[in-house]
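One structure below.
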Amino acid sequence: MSSTVADFVLQRLRDWGVEYVFGYAGDGINGLLSAWQRAEDHPHFIQARHEEMSAFAACGYAKFSGRVGICTATSGPGAIHLLNGLYDAKLDHVGVVAIVGQTARSAMGGAYQQEVDLLTLFKDVANEYCQMVTVPEQLPNVLDRAIRIASSRRTVTAVIIPSDVQELEYVPPSHEFKMVPSSLDQTWVTPIPAEADLERAAELLNAGSKVAMLVGQGAAGAAEEVAGVADLLGAGVAKALLGKDVLSDELGWVTGSIGLLGTRPSYELMMECDTLLVVGSNFPYTQFLPAFDGAEPAVRAVQIDIDPTMIGLRYPFEVNLVGDARATLQGLIPLLQRKDDRSWQETVHENVSRWWEVMDARSEVTADPINPEQVFAELSPRLPEDAMIAADSGSSTNWYARHVKIRGSMRGTLSGTLATMGCGVPYAIGAKFAHPDRPAYALVGDGAMQMNGLAELITISQYWAGWTDPRLVVSVLNNEDLNQVTWELRAMGGSPQFLPSQQLPPLDYAGFATSLGLHGITVDQPDQVGAAWDEAIAARRPCVIVFKTDPAVPPIPPHATWDQILKSAESIVRGDSDRLDMIKEGVKSKLAEVLPGQSDR
Ligand SMILES: Cc1ncc(C[n+]2csc(CCOP(=O)(O)OP(=O)(O)O)c2C)c(N)n1
Ligand SMILES: [Mg+2]
């Protein structure tokens with residue numbers, strides 16, 4: 001039986017082992033949709049409410065599964081809607097392929113309805129590979145290359161197929177000039193630096209006495225080796241946010257996240273070390289790394305990264321090792337000498353223990369009505385060991401970064417580089433398709449919920465019954481404020497909050513969830529937080545849990561003292577300065593209990 005180009009595309013996706021395509025319909029992909037019908041929905045078409053959510057879900061799927069994510073959309077508006085989710089994947093180095101429709105070839109250039117120059121539109125986001133299929137013989141090569149480039153370079157690629165081409169009879173390339181076939185088999189390389197370069201790195205690391213390590217998502221799968229190196233070098237290890245799930249926070253020398261949303265022990269680790277080893281991280285906030293003066297670094301530093309185009313970017317590193325994190329560390333370990341003096345690591349350990357006490361104390365501060373730090377502090381120990389966590393962009397990102405302790409096989413992610421709002425719920429959906437047998441948690445602000453999350457609850461209601469484990473909890477910090485921006489304005493810009501832009505309309509999020517047949521819980525009393533989490537976590541259907549939180553609790557950066565932050569906040573014009581004073585006094589007195597004599601820290 002003859003098959004169309006669209007039939008062939010789906011067949012090839014199946015050959016690649018693709019199980020899901022996250023998408024939204026439109027006549028620009030009608031040929032593909034009817035092929036899907038003939039293929040009895042294989043690979044499964046997962047329908048979102050908006051193409052941006054399809055791209056986020058594909059990105060979330062890729063992040064949690066380690067496989068390439070595929071999304072699809074119609075020409076014109078559908079393709080445009082994909083963009084933000086595609087940029088999110090590109091910037092976080094996640095492999096996603098976009099398959100989009102286009103106006104029929106006969107109408108191209110004729111100012112026809114919905115014709116947008118897609119090659120130009122996707123030129124930046126899919127700069128590594130963006131191609132239009134105009135004759136059947138370009139396949140399978142174009143699709144194979146799109147998948148190979150997206151997965152091997154961890155980036156976004158785009159395949160544009162005009163609507164009439166989708167319906168052409170598929171004709172494979174023949175044995176003639178310029179007919180280019182391709183094949184499926186694939187092995188992957190594991191790059192390892194040369195022995196001499198490993199020795200240079202080892203020499204440098206052996207010479208240091210206060211070693212700091214920074215690990216990012218590139219160190220995923222190398223936890224054992226990172227721990228081995230940290231032990232040999234007596235080092236402390238900080239984690240970039242995308243690498244938060246690389247190492248357990250139960251290890252005493254793990255200082256947690258770094259940067260604006262980071263912890264004080266990570267900050268102290270970087271400021272006080274004499275040697276730095278960065279593994280699989282492209283962390284851009286260099287002010288949180290050790291100092292440097294021009295090209296003169298304050299400390300001696302080594303970087304390990306798999307991408308030769310991204311290495312050496314963020315610090316005047318002395319040795320840049322291009323290689324796979326795990327294999328490179330395995331090569332390095334036999335060359336490292338175990339440091340006899342353990343005092344540096346012991347200091348890190350003490351700083352970390354003190355930090356967790358401070359975090360607990362902060363979460364106990366009275367707020368009106370609920371302290372958001374309490375919400376996250378109470379969630380952390382309750383999370384199942386196999387939890388998959390997706391944090392949105394907002395104040396909740398701070399609390400995720402600082403209060404959630406990674407342990408067991410927990411996974412966690414967020415929009416690390418684009419820092420886009422609205423990714424939390426679609427990421428969690430992608431996670432559930434990646435691992436339907438594991439529970440997922442989306443940690444979202446009310447702004448992000450109103451932006452994308454509410455609509456994607458509909459998607460959850462559509463699919464949850466098919467998941468082996470139905471647990472998916474969406475937590476909403478209901479502070480009726482775009483709180484992260486409010487604090488940025490106050491603390492960084494020194495300006496008061498601008499209400500017309502930041503205040504959010506009230507909404508019954510839990511009521512909306514129950515109207516969709518999901519479980520809904522609203523919590524407005526601090527003493528109900530723990531029990532409400534227990535109920536949400538135990539729910540045998542997706543659950544939306546809403547906490548009425550106080551927008552006056554500031555997500556303070558770790559390097560700032562409480563008084564520094566509050567100084568700029570004192571100019572606040574709203575009637576909530578009393579609340580701020582209350583919180584400030586509450587924090588000070590709590591901290592005085594755990595840190596006598598240093599209550600500003
Ligand atoms: C798409 C997008 N628009 C705007 C921003 C800027 N921004 C970052 S955090 C934030 C506020 C988030 O508010 P909400 O979701 O309510 O969380 P909260 O900070 O209140 O906890 C905004 C507007 C962004 N990062 N992404
Ligand atoms: Mg908010």
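Both counts, for ligands and for their atoms, begin at 1 and track the order of listing. Numbering of residues begins at 1 and proceeds along the displayed sequence. FYI, side chains are in, hydrogens and waters are out, and symmetry mates aren't considered; it's all heavy atoms of this structure.
- Within the set C423, S396, A448, S415, the minimum heavy-atom distance to atom 15 (O) of ligand 1 is found for A448.
- Listed by number with element, the atoms of ligand 1 under 4.0 angstrom from any heavy atom of N483 are 18 (P), 19 (O), 20 (O).
- Under the 30°/60° scheme for interplanar angles, the aromatic rings of H403 and W399 are found to be tilted.
- At a 3.5 angstrom cut-off on N or O pairs, V485 does not count as close to ligand 1.
- Of all atoms in ligand 1, listed by their number and element, those nearer than 4.0 Å to a heavy atom of D481 are 16 (O), 20 (O).
- With a 4.0 Å heavy-atom cut-off, ligand 1 is reached by no atom of P372.
- Scanning the protein heavy atoms around atom 17 (O) of ligand 1, the nearest turns out to be G445 CA, 3.6 Å.
- A donor-acceptor pair under 3.5 Å is absent between the side-chain atoms of T549 and the main chain of P372, judged by distance alone.
- Using a cutoff of 4.0 Å between basic side-chain nitrogens and carboxylate oxygens, E385 and R407 are scored as salt-bridged.
- Every residue two or more places apart in sequence or in another chain that forms a salt bridge (Lys or Arg N to Asp or Glu O under 4.0 Å) with R411 is listed here: D245.
- Using a 3.5 Å distance cut-off with no hydrogens or angles, the side chains of Q462 and R49 do pair a donor with an acceptor.
- Looking from atom 21 (O) of ligand 1 to the surrounding protein, the closest heavy atom is S395 OG, 2.5 Å.
- The aromatic rings of Y61 and F22 are tilted relative to each other, their planes meeting at an angle between 30° and 60°.
- Under the salt bridge (Lys or Arg N to Asp or Glu O under 4.0 Å) criterion, R314 pairs with no residue, sequence neighbours left out.
- An N or O contact shorter than 3.5 Å is missing between S393 and ligand 1 by distance.
- Around atom 11 (C) of ligand 1, the closest heavy atom drawn from L482, D392, T420, N398 belongs to L482.
- Residues E51 and S54 bring no donor and acceptor atom of their side chains to less than 3.5 Å of each other.
- Each of the atoms 9 (S), 19 (O) of ligand 1 lies under 4.0 Å from some heavy atom of Q484.
- Judged by distance alone, the side chains of Q374 and E364 never bring a donor and an acceptor atom under 3.5 Å apart.
- At a heavy-atom distance under 4.0 Å, only side-chain atoms of N479, from C-beta outward, approach ligand 1.
- For atom 4 (C) of ligand 1, the closest non-hydrogen atom on the protein side is M421 SD, 3.7 Å.
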Going through the checks in order, is the salt bridge (charged side-chain N to carboxylate O under 4.0 Å, His left out) test met by D469 and R438? CA-CA 6 Å; D469 180 333; R438 291 173 67 161; over 6 Å; no
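- Using a 4.0 Å cut-off between a side-chain N of Lys or Arg and a carboxylate O of Asp or Glu, E373 and R402 do not qualify as a salt bridge.
- Taking a cut-off of under 4.0 Å to the non-hydrogen atoms of G447, the atoms of ligand 1 that pass are 14 (P), 15 (O), 16 (O).
- For the Mg ion (ligand 2), the tally of protein N/O/S atoms lying closer than 2.8 Å stands at 3.
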Would you mind writing out the side-chain donor-acceptor pairs for residues 86-100 within the sub-3.5 Å range, not counting sequence neighbours?
unit_1 : atom_1 : unit_2 : atom_2 : d
Y87    : OH     : D124   : OD2    : 2.6
Y87    : OH     : V125   : N      : 3.4
D88    : OD1    : S415   : OG     : 2.7
D88    : OD1    : Y427   : OH     : 3.4
D88    : OD2    : Y427   : OH     : 2.4
K90    : NZ     : D124   : O      : 3.3
K90    : NZ     : N127   : OD1    : 2.4
D92    : OD1    : T417   : N      : 2.9
D92    : OD1    : T417   : OG1    : 2.5
D92    : OD2    : K63    : NZ     : 2.8
D92    : OD2    : G416   : N      : 2.9

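- Looking at H435, its side chain does come within 3.5 Å of a backbone N or O of F64 through a donor-acceptor pair.
- Some N or O of A419 is nearer than 3.5 Å to an N or O of ligand 1, by distance alone.
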